[in-house]
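Worksheet: one structure, shown below.
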Number of protein chains: 2
Amino acid sequence: MQNLNDTAHKLLDVAERYTQLHGFNAFSYKDLQREVGVKTSSIHYYFPSKQDLALNMTERYVERFRDALKAMARTESNGVRRIRSLAELYVEAVGQGKFCMCGMLASDMLSLPDVVNGKLCEFFRLIEEWVADAIEIGKEQNEIRHTIDPKPAAAHFLAALEGGMLIARTQKRPEYLESVVTEALAQMTH
Amino acid sequence: MQNLNDTAHKLLDVAERYTQLHGFNAFSYKDLQREVGVKTSSIHYYFPSKQDLALNMTERYVERFRDALKAMARTESNGVRRIRSLAELYVEAVGQGKFCMCGMLASDMLSLPDVVNGKLCEFFRLIEEWVADAIEIGKEQNEIRHTIDPKPAAAHFLAALEGGMLIARTQKRPEYLESVVTEALAQMTH
DNA sequence: GTCTATAACTCGATAGAC
DNA sequence: GTCTATCGAGTTATAGAC
């Protein structure tokens with residue numbers, strides 16, 4: 001991903017935003033041309049096919065998200081608050097009318113190459129394990145109940161996060177997602 | 001919805017399946033022509049625009065789902081088992097590689113008319129209230145903890161259901177959704 | 001109601017000059 | 001790297017005969 005120049009990154013930025021707002025199949029190279037100021041034929045120079053664009057976009061996104069998770073783990077040692085800071089990212093995105101980029105791609109999975117689907121699985125597994133770690137820490141800090149099994153609880157939390165985002169966006173109510181997160185944490189803590 | 005003839009219903013059947021598998025913008029009138037055996041121009045006779053198709057499809061879906069919920073409530077008086085029977089529908093759909101139709105439309109909401117979006121909100125509210133009722137009953141039957149507040153807990157459960165479906169489908173693992181449901185119920189019950 | 005024929009448009013993608 | 005020009009295919013939608 002680091003072997004892409006400035007123009008390529010701008011193209012991925014716009015593609016990413018369109019994907020989160022409208023879906024990957026709902027924007028065209030012409031949209032990128034209009035927003036970045038580079039002709040569609042030049043876009044094909046960077047990404048020969050739209051599937052190449054999908055793969056590069058997803059790889060960059062997952063890479064950045066992994067870094068963001070590491071940073072959050074570094075700056076927040078409290079398990080529950082660590083989970084809350086992840087949820088903040090999602091709430092903020094919904095506030096901008098966006099859905100999770102990988103969630104959006106997941107809904108379009110049948111029209112995307114398998115390698116992209118693999119990246120989506122990697123993304124979800126990544127967050128799941130990060131949340132499981134945070135839950136484990138929360139248990140050690142005696143804030144999360146000892147009856148909670150970190151792994152399935154993390155899968156459950158991630159599912160609620162993705163689904164809550166989808167529903168909150170539909171209803172144009174970011175508070176919906178906040179309420180889902182609050183309830184999720186309430187059920188896990190004492 | 002009852003004022004549609006047999007051909008119209010067949011068209012909606014196929015449109016519904018395509019939407020759940022690929023998304024509303026990922027199939028064309030030509031796909032319907034191939035599967036139903038009616039020319040695309042005839043499809044426009046029933047549904048002048050594709051947005052009309054979207055609205056009719058969604059209205060019929062919500063109407064049928066409402067009936068299915070009523071039937072489940074009638075045949076199952078146990079709150080927890082009632083919730084489980086709803087989850088069964090979702091698990092079965094994932095087993096067929098499908099996503100929730102309204103969840104799929106929710107991801108395409110920006111390309112759909114507002115009236116469809118209204119139907120999606122109605123759908124989610126419908127399920128949420130149904131689940132809240134089931135939780136209330138589960139509390140009365142002393143299976144669900146008295147500390148659980150039905151309304152936010154129902155929103156949380158619905159979110160986990162939708163998100164779990166999305167992730168399970170991505171990973172081609174219906175068991176993922178089953179595990180999410182099991183965890184959700186475990187956290188709510190004693 | 002269903003058909004043939006076609007309009008009008010958009011899409012991803014390529015060739016080749018600079 | 002970026003451009004102009006264009007191809008071929010796909011899309012929704014309409015007109016009009018039967």
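The shown structure was predicted, so the numbers you read here are calculated from the model rather than taken from an experiment. Here is the naming used below: chain letters follow the sequence lines, and residue numbers restart at 1 for every chain.
Contact check, A/S42 against D/dC3: a side-chain N or O comes under 4.0 Å of OP1 or OP2. Side-chain N/O atoms of B/Y45 include none lying less than 4.0 angstrom from OP1 or OP2 on C/dT2. In this model, the phosphate group of D/dT2 is not approached by any side-chain N or O of A/K39 to a distance below 4.0 Å at OP1 or OP2.
If you take CG of B/N25 and P of C/dC11, they are 12 Å apart, rounded to a whole angstrom. Rounded to whole angstrom, the span from the OH atom of A/Y18 across to the C1' atom of C/dG12 amounts to 17 Å. One can place CG of B/L32 at 16 Å from P of D/dG10, the figure rounded to the nearest angstrom. B/Q51 has its CD atom 12 Å from the P atom of D/dT12, to the nearest Å. Taking atom CD of residue B/Q33 and atom P of nucleotide D/dT12, one finds them 12 Å apart after rounding to whole Å. The OH-C1' distance, from B/Y29 to C/dC3, rounds to 17 Å in whole Å. One interatomic measurement links the two molecules: CG of A/D52 to C1' of C/dA13, which rounds to 12 Å at whole-angstrom precision. C/dC11 atom C1' lies 15 Å from atom NZ of B/K30, rounded to whole Å.
Here A/S28 lies in heavy-atom contact (under 4.0 Å) with sugar-phosphate atoms only. Across all strands shown, A/F47 has no heavy atoms under 4.0 Å from either base or sugar-phosphate atoms.
Listed nucleotides: D/dG1, D/dC3, D/dT12. Nearest to the side chain of A/V38: D/dC3. Among the nucleotides C/dG1, C/dA5, C/dC11, the one closest to any side-chain atom of B/N5 is C/dG1.
Contact of B/S41 with C/dT4 (side chain to base): a donor-acceptor pair of N or O atoms is detected under 3.5 Å.
Using a 4.0 Å cut-off between charged side-chain N and carboxylate O, A/R34 and A/D31 make a salt bridge.
The side-chain tip of A/K50 points at the ring of A/F27 from less than 6.0 angstrom away and within 45° of straight on.
Clustering of Ile, Leu, Val, Met, Phe, Trp and Tyr side chains at separations under 4.5 Å leaves B/I137 isolated, with no partner residue.
Follow the hydrophobic side-chain contacts under 4.5 Å out from A/L21 and you never reach A/M57; the two are in separate clusters.
The ring-ring contact (aromatic ring centres under 6.0 Å, His included) search around B/F65 returns B/Y61, B/F123, not counting sequence neighbours.
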